[in-house]
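Atoms within a ligand are numbered from 1 in the order they appear, just like the ligands themselves. Note that the structure is predicted; figures quoted are calculated from it, not measured. One-based numbering along the sequence shown.
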Amino acid sequence: MKECDWMAKKRIYEVAKEVGVDNKVVVQKAKDLGFDVKNHMSSIDDSQVTKLKSSFQNSAPAKKNSKIKISVSSIRKNEKKQEDNAAPKKARKRNNKRRNDRNREKKNERNHKNNSGKPKAAALLQQFKQKQRAEEGQLNREAQKAKKEYHEQLKHPKQEQAVKNKKKPTKESTKKKSEPVEKKVIGPKILKPSPARLKKSQPSANERVAAKVTIPEAPKDEKRGNGRGRNMGKPGRKGKNQFFNGHNEHSDRSERKRRKNKKRQQEQKPKKQPTKRKERPLPDVLVYEEGMNAQDLGKLLHREPAEIVKKLFMLGVMTNQNQSLDKDTIELLAAEYNIDAKQKVHEDISDIDTLYNKRMEASKKSKNQVKRPPVVTIMGHVDHGKTTLLDRLRHTHVSAHEAGGITQKIGAYQVRLDNRLITFLDTPGHAAFSNMRARGAEITDIVVLVVAADDGVMPQTVEAIDHAKSAKVPIIVAINKIDKPGANPQHVTEELMKYNLIPEDYGGDTIYVNISAKTGQNVDDLLQMILLQADVMELKANPTEMAIGTVIEARLSRGRGPVADVLIQQGTLNIGDPIVVGDTFGRVRTMTNDRGRQVKKATPSEPVEITGLNDVPESADKLVEFKDEKTARSVGEARAQQALQKSRENVQHVTLDNLFDTMKKENMKEVDIVLKADVQGSVEALQQSLEKIEVEGVRVNIIHSGVGAINESDVTLAGASNAFIIGFNVRPTATAKSQAETEGVDIRLYSIIYKAIDDVTAAMKGMLEPTYEEKVIGNLTVRETWKVSKVGTIAGSFVDKGVVKNDSKIRVIRDGIVKYDGEIASLKRFKDDVKEVKQGNDCGLTIKDYNDIKVGDEFEVYEMQQVEPK
Ligand SMILES: Nc1nc2c(ncn2[C@@H]2O[C@H](COP(=O)(O)OP(=O)(O)OP(=O)(O)O)[C@@H](O)[C@H]2O)c(=O)[nH]1
């Protein structure tokens with residue numbers, strides 16, 4: 001209502017503009033008329049406006065225009081009725097209908113007054129009409145012009161602004177306030193249109209812009225079109241209606257209402273936007289991680305979390321949006337949405353074995369593969385000539401052709417024949433081959449089986465065949481020592497045929513070469529055959545990618561730090577490359593080839609010695625190159641940590657009690673024991689007896705033996721070797737004992753040889769019976785001795801630890817050696833027989849059948865307690 005009142009009023013200055021008279025004059029006039037006005041900003045209502053204007057009639061120069069304006073608008077109003085009938089826009093008709101009715105009533109009233117007051121006015125009006133129609137045509141043209149300009153200004157508001165600024169370079173802030181005055185906006189105060197609204201109005205602006213330009217001051221209208229007045233800023237229906245209907249309150253109200261509704265609708269639109277999310281399609285597969293919550297799943301499924309919670313609720317799972325969900329629930333949810341669910345597999349970057357395998361597979365599929373030298377291992381029975389053959393190859397086919405020859409041994413070397421390379425692993429025998437295999441390193445492409453022509457197939461020949469076959473590595477048979485007088489290669493061939501090594505001459509596919517490693521006879525032929533076999537196998541690698549390889553040997557070099565001999569298998573290793581090798585890492589600092597030369601890069605099948613690692617890796621460890629040192633470091637450190645953890649878990653595992661299980665589990669071939677005894681004779685006797693024990697191929701291996709008490713070094717060695725300790729007539733030192741307890745090293749103490757042997761044998765058979773285990777209950781030190789006839793030696797002792805009982809067993813220990821093991825005969829305290837004496841007290845005791853007690857001797861008092869088998 002307020003707004004309507006306000007809108008129906010006019011400011012004095014507006015009236016002044018309309019009548020073309022100075023503000024002050026109008027203010028004075030208004031005051032004269034008795035209007036309550038103070039200055040040109042004071043408002044007056046419609047009737048006052050009419051009175052005020054009429055008071056200026058016939059006096060102001062602008063009166064004519066003003067008249068015309070009034071006349072035009074009144075004529076328009078009169079014609080409105082007819083125009084409305086023909087009006088094409090039904091909407092406008094509807095909107096204006098009520099207003100028109102009102103206007104009609106008002107106009108009729110006015111006409112009635114005019115007619116009654118001035119009888120000749122009709123004729124005069126007719127004249128005016130004609131004249132004004134002509135003027136109206138002119139005005140329409142101007143309106144069209146203004147419309148065009150208005151559009152221009154809409155398109156180039158900045159230019160317009162610039163022009164405006166030029167025109168009014170000063171008092172910007174006050175100008176803004178006074179703008180409406182300068183623009184001569186007639187009518188109610190106009191709300192500033194928002195840019196968005198302005199934009200929306202644009203399409204219909206064409207028709208609307210002219211409405212306001214009907215004001216006679218056409219050139220000023222141009223400004224108004226650019227201005228911020230409502231009618232100009234928002235050229236539209238409102239302006240048009242205003243033009244046609246005058247300042248109709250009702251039309252304003254309905255228009256505002258309509259705009260408000262429109263605005264509300266527009267505002268509501270973005271709110272509806274989120275519902276569109278629901279329309280997004282579900283993924284084909286829900287790739288989830290265990291522990292995800294409804295929010296996480298909502299994102300993956302393109303659904304609102306609330307919907308997920310609701311769905312789960314329907315499935316009987318009460319949860320909120322943040323609660324972690326288990327695998328089953330997530331899969332249930334996926335099933336509810338009728339899509340598959342797949343758990344995301346986290347790649348463990350520290351698992352370089354998997355990374356190695358992946359890269360190996362990827363390389364095999366690569367288009368950049370090129371031929372690579374074969375990697376060969378020489379196997380055979382003892383003394384059949386493996387080393388001789390390797391030496392010959394090394395010294396003839398390397399040094400003869402390569403300047404410098406082999407200056408150092410790096411676990412493998414390459415020989416050259418017909419400008420082609422063959423890589424030989426420098427560790428002959430199937431044990432090395434199998435050890436590598438056991439550790440997951442299958443680096444050999446071809447096995448050369450050396451069989452002495454004068455000896456034939458021997459046990460280790462058969463073992464070598466089995467190892468090569470199980471590794472699915474092709475065998476080339478080298479029948480050696482054919483230079484020897486008793487050599488019978490034919491016989492050897494026949495023998496080998498029993499093991500399915502059928503020569504080509506007999507329709508098989510095994511290559512046989514008769515050689516003499518000693519004289520070098522046919523050694524070239526052997527190399528030719530190796531190359532032939534390599535061709536058949538189409539051995540290839542991709543040298544263009546990041547390197548992977550395997551450690552052949554590794555050691556700690558004085559001055560150079562950790563050194564590893566590695567065989568590159570795929571890719572190219574360069575100086576400076578960040579690498580992880582087993583549980584170690586670093587950057588390749590130096591690379592040396594088998595001829596002792598520094599190289600900058602190593603390609604597939606090339607053995608090189610590398611430095612730059614932070615620690616010494618183990619043979620058969622995998623080498624993997626990483627993109628950056630940071631990753632290599634984190635992987636290396638993570639692996640070292642894991643390895644340490646594992647080693648800690650392993651250390652305390654082998655005990656006599658769990659020996660049998662451990663042997664089975666770890667496929668042990670030897671039971672490692674550290675043996676300590678009181679005298680050398682006992683050590684030897686016990687060592688021989690223990691080493692004779694063999695249970696199902698598993699033997700005892702005494703890794704260390706010696707005379708004296710069991711010390712820390714013994715415990716450390718046993719811990720590192722996963723061994724246990726047998727003490728014969730000796731005891732561990734106090735620190736050794738506590739260290740053994742901490743590290744879980746098992747110490748077994750015996751005073752009878754056959755008992756120790758029986759226990760070890762029984763443990764290896766898994767038949768170690770539940771036994772009595774001694775439990776030390778106290779320790780004493782002899783402070784004084786008295787020899788009493790018929791009683792023997794009385795030991796005046798102090799109880800250092802625990803308790804001593806009159807029925808305890810007791811050991812006499814002198815300098816770590818058990819001097820006697822027996823029973824207490826009597827226990828006294830101040831001449832009284834007592835049952836027990838506790839720590840911190842003196843006592844006197846005698847030992848059954850033993851009197852060799854000296855001051856300083858230690859007593860270990862113990863009881864036998866039954867132990868359940870573990
Ligand atoms: N006459 C003759 N003797 C050979 C030949 N090859 C090797 N020998 C000899 O056979 C003996 C054993 O040779 P090695 O090369 O040590 O045999 P191996 O297979 O390496 O033996 P282990 O290392 O013990 O497994 C040595 O005395 C060699 O000199 C050969 O072609 N002809």
Identity and distance of the protein heavy atom lying nearest [atom]:
{"atom": "atom 8 (N) of ligand 1", "result": "K481 CE, 3.6 Å"}
{"atom": "atom 32 (N) of ligand 1", "result": "D483 OD1, 2.7 Å"}
{"atom": "atom 3 (N) of ligand 1", "result": "K518 CD, 3.5 Å"}
{"atom": "atom 18 (P) of ligand 1", "result": "K386 N, 3.5 Å"}
{"atom": "atom 20 (O) of ligand 1", "result": "T387 OG1, 2.5 Å"}
{"atom": "atom 22 (P) of ligand 1", "result": "D383 N, 3.8 Å"}

Distance (rounded to the nearest 0.5 Å) between [X] [atom1] and [Y] [atom2]:
{"X": "I726", "Y": "I753", "atom1": "CD1", "atom2": "CD1", "value": "11.0 Å"}
{"X": "Q533", "Y": "D509", "atom1": "CD", "atom2": "CG", "value": "8.0 Å"}
{"X": "Y356", "Y": "Q569", "atom1": "OH", "atom2": "CD", "value": "3.0 Å"}
{"X": "L526", "Y": "L389", "atom1": "CG", "atom2": "CG", "value": "6.0 Å"}
{"X": "L573", "Y": "E606", "atom1": "CG", "atom2": "CD", "value": "10.0 Å"}
{"X": "L527", "Y": "I422", "atom1": "CG", "atom2": "CD1", "value": "4.5 Å"}

Proximal atoms of ligand 1 relative to H381 (non-hydrogen, under 4.0 Å):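 Selected atoms, number and element: 19 (O).
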Close side-chain approach of K371 and D535, heavy atoms under 4.5 Å: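 Of all side-chain heavy-atom pairs linking D535 with K371, at least one is under 4.5 Å.
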Region of H384 that comes within reach of ligand 1 [heavy atoms, distance under 4.0 Å]: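 Near ligand 1, H384 shows its backbone, while the atoms from C-beta on stay back.
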Per-residue contact class, V382 against ligand 1 - non-hydrogen pairs under 4.0 Å: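 It is both backbone and side chain that touch ligand 1.
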[X] to ligand 1: N or O pair under 3.5 Å?
{"X": "K484", "result": "no"}
{"X": "G385", "result": "yes"}
{"X": "S516", "result": "yes"}

Pairwise side chain to side chain donor-acceptor pair (under 3.5 Å) hits with a residue in residues 482-493, at least two apart: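 Non-adjacent pairs meeting side chain to side chain donor-acceptor pair (under 3.5 Å): D454-K484, D483-S516, Q490-E494, Q490-Y506.
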Side-chain donor/acceptor pairs under 3.5 Å, residues 675-694, sequence neighbours excluded:
residue	atom	partner	partner atom	Å
K676	NZ	A709	O	3.2
K676	NZ	D714	OD2	2.5
D678	OD1	S682	OG	3.2
D678	OD2	N729	ND2	3.3
Q680	NE2	E684	OE2	3.3
Q687	OE1	S705	OG	3.3
Q687	NE2	E691	OE2	3.4
S689	OG	A685	O	2.8

Selection from T388, D391, N480, I482 by shortest heavy-atom distance to atom 29 (O) of ligand 1: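 Among T388, D391, N480, I482, the closest heavy atom to atom 29 (O) of ligand 1 belongs to T388.
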Q521 heavy atom under 4.0 Å from ligand 1: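 The answer is no: ligand 1 sits nowhere under 4.0 Å from a heavy atom of Q521.
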